[in-house]
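Naming: A, B, ... by sequence-line order, numbering from 1 per chain.
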Amino acid sequence: MESYLSILVGLYFAGSVYLLLSQSLVRILIGIALLGNGVNLLIFTSGRITRGVPPIIEKGAKVAEASIANPLPQALILTAIVISFALFAFVLVLSYRAYQEIGTDDTAKMRIAEPVEPSHLPKGY
Amino acid sequence: MKTISTEGAMLQTATAAVDWYILAPVVIPLVTAAILIIFRRAVGLHPYIALLALAANIYASFELLMKVKLEGPLAMTMGNWLPPFGISFAADLLGAILTLTSSLAVFCVALYGMGDASSRERRFGFYPLILTLLVGVNGSFLTGDIFNLYVWFEVFVISSFGLIVLGGTRKQLDGAVKYCFLSLIATTLFLIATGYLYGLYGTLNMADLSKIVAPLKFEGPLVVVSALYLLAFSMKAAAFPLYFWLPASYHTPKIVVSALFAGLLTKVGAYSLLRTFTITLPVAGDSWLMDVMFYVGVGTAICGALGAIAQTDLRRLFSFLLVASIGFMLIGISIGTETALSATIFYMVHSILIMTALFLIAGVIYEHRGSLDLRSLSGMNKDLPLLSLLFLGLGFVAMGFPPFSGFWPKMILISETIKQEVYLGTFAIIFSSFLSIISLGRAFAFGFWRPLTAGAEDEVAIQAKQLTVYSKLQYVPVLLLMILVTLVGLLPGYLYELSSLGAKGLVDTSSYIAAVFGGAL
């Protein structure tokens with residue numbers, strides 16, 4: 001099961017890298033979303049997959065009798081999902097605002113902060 | 001003594017109150033930020049409350065530093081769980097020194113913000129955001145858990161997102177797009193590496209990882225994880241060839257915001273590299289990966305300084321100097337001897353203070369002239385003598401002239417590169433410093449020495465009429481920082497003692513590990 005998931009994670013990463021290398025902001029956004037989901041799946045897989053044994057300890061017992069699913073990756077993923085969701089929401093709005101102000105979503109044309117024409121200091125005064 | 005349950009996994013009694021002390025530099029700004037958000041309409045009060053809290057924070061960080069210096073690394077684990085189960089906080093000297101320095105820098109920035117942040121910007125959360133940014137940065141310096149480090153990264157990243165768009169001009173949005181996307185990708189890479197690390201060793205506690213990784217060979221998946229960390233943190237630290245987002249974005253936000261970013265953010269990346277390749281993954285710190293980091297550092301130092309020469313915008317010039325300074329730190333970390341590491345820690349402190357000061361003085365110049373373009377700035381030594389003197393002084397500090405704070409770490413680092421026979425490092429540091437002398441010297445010659453250009457008189461007169469009481473007050477934080485770097489330069493012994501003790505703790509990790517595992521017993 002882990003190996004299939006690993007391949008899936010690889011596909012996610014490949015797709016997201018392809019999209020991130022694009023010039024269009026929207027594609028980059030989708031790439032970031034894919035990357036975030038790929039990472040979550042990666043953490044889930046690296047915690048090892050166990051089927052049908054929820055991490056619940058019997059009443060009275062202090063440790064689990066049988067082997068149980070690892071609950072830690074789920075806590076990690078939950079944290080990562082919340083964080084990446086918040087950041088993604090922010091960059092989504094930011095991209096829209098940038099599109100409104102600058103009038104393009106082509107990153108190669110977004111040259112207001114770094115003007116294309118070279119600027120030189122005078123040779124002397 | 002506290003008793004321990006049979007599993008050896010939990011404390012049965014409450015954590016001792018004194019252990020909570022480590023959290024003070026994180027909790028104070030966090031609580032204050034929350035209070036400021038509650039009183040978001042009372043924007044007049046914001047700077048005073050924030051400054052009070054930041055002063056308290058400086059005091060708390062100073063006390064923590066003194067405590068750590070006396071007693072060695074301190075650690076606590078939250079929720080009564082013993083390490084490695086709970087999230088550990090561990091303050092060693094490296095973390096404590098940087099916590100104090102960043103608290104000082106943020107105090108100066110908040111002071112500057114009194115005159116610079118309009119009430120509209122305050123309502124949009126200028127002060128809460130700089131406080132939460134400090135929370136994230138201090139949290140990163142003090143945490144002992146690598147996933148928790150990721151969380152603190154995100155705390156200051158989201159605060160910096162809020163700050164970089166404050167004002168919302170076209171130029172800002174353009175810079176913000178680059179900054180935000182690259183930050184997001186860098187932190188995601190950090191998360192990927194952390195996911196792999198967890199899959200490999202089943203723990204995320206730095207001290208625990210240190211114990212597990214130390215006897216291993218540097219091969220297989222460990223190489224992948226280490227390389228990913230190098231990539232992710234280099235991106236955050238703005239190292240060659242991943243620094244292009246920094247000069248593309250740092251000159252766009254409000255000047256006070258860029259001073260805050262320049263002082264703190266890249267240094268957290270450098271700090272994480274230092275932490276990861278000494279304590280967390282000790283074998284990676286002795287491997288060929290350090291050669292890679294060395295060349296990255298050389299490239300960063302030289303490219304940064306070369307970039308600075310080509311700039312006409314003062315803030316972009318400073319941004320490139322910031323990149324160059326990261327190169328020196330990377331060279332220091334990659335050499336990895338105790339002397340090199342202590343020079344690196346010393347240099348980090350210097351860099352936090354001087355970069356904040358340089359961007360703040362750019363703000364003072366903007367206040368008086370309404371421009372930061374060296375092609376139009378001129379004649380400032382005539383009507384603004386104090387400003388000229390300060391700029392010259394800060395320039396000397398940044399170039400690394402004695403008797404200021406930049407001189408000592410550079411000198412120690414250069415002598416260490418010669419001792420370790422890595423002459424490329426020697427060359428890079430000297431050449432980069434030489435280029436920075438040229439670029440800052442030119443900035444001074446054009447902006448200050450050059451007689452007022454024809455036609456500029458009227459503009460200067462108009463700008464002079466708009467000055468407020470606050471324009472005079474804005475000298476205060478710059479002066480404070482100038483005094484600090486001069487004191488550090490004149491009395492380098494104190495800081496050098498601290499940083500060499502800190503470096504010793506990084507080379508010999510036993511006291512750190514003992515503090516994390518023994519501290520809770």
Chain B shares the most heavy-atom pairs under 4.5 Å, among A:L72, A:I77, A:T45, with A:L72
Among A:P73, A:S84, A:G31, A:G38, single out the residue with the greatest number of heavy-atom pairs under 4.5 Å to chain B.
A:P73
Mark yes when over 12 heavy atoms from residues, nucleotides or ligands other than A:Y99 sit less than 6.0 Å from its OH; otherwise mark no.
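Counting other residues, nucleotides and ligands, OH of A:Y99 stays at 12 neighbours or fewer.
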Might you confirm whether atom CZ of A:R27 has over 12 heavy atoms from other residues, nucleotides or ligands at distances under 6.0 Å?
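No, the 6.0 Å shell around CZ holds no more than 12 heavy atoms from other groups.
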For a quick test of reading the model, state the closest non-hydrogen atom pair linking B:S160 to B:Y179 and the distance between them.
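Smallest heavy-atom distance, with atoms named: OG-OH, 2.7 Å.
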Is the B:F147-B:Y150 ring centre distance short of 6.0 angstrom?
yes
Among B:F320, B:F318, B:F261, find the residue that satisfies the ring pair (Phe, Tyr, Trp, His ring centres under 6.0 Å) test when tested with B:Y250.
B:F261
Chain B contact via A:L76 - side chain, backbone, both or neither, heavy atoms under 4.5 Å
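It is both, since atoms from each part get that close.
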Members of residues 8-21 of chain A whose heavy atoms come closer than 4.5 Å to chain B
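Residues in range: A:F13, A:L20.
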Heavy-atom distance under 4.5 Å to chain A: side chain of [X], backbone, both or neither?
X: B:T252; result: side chain
X: B:L204; result: side chain
X: B:V177; result: both
X: B:L191; result: both

Under 3.5 Å: donor-acceptor pair, side chain of B:R450, backbone of B:L377:
yes
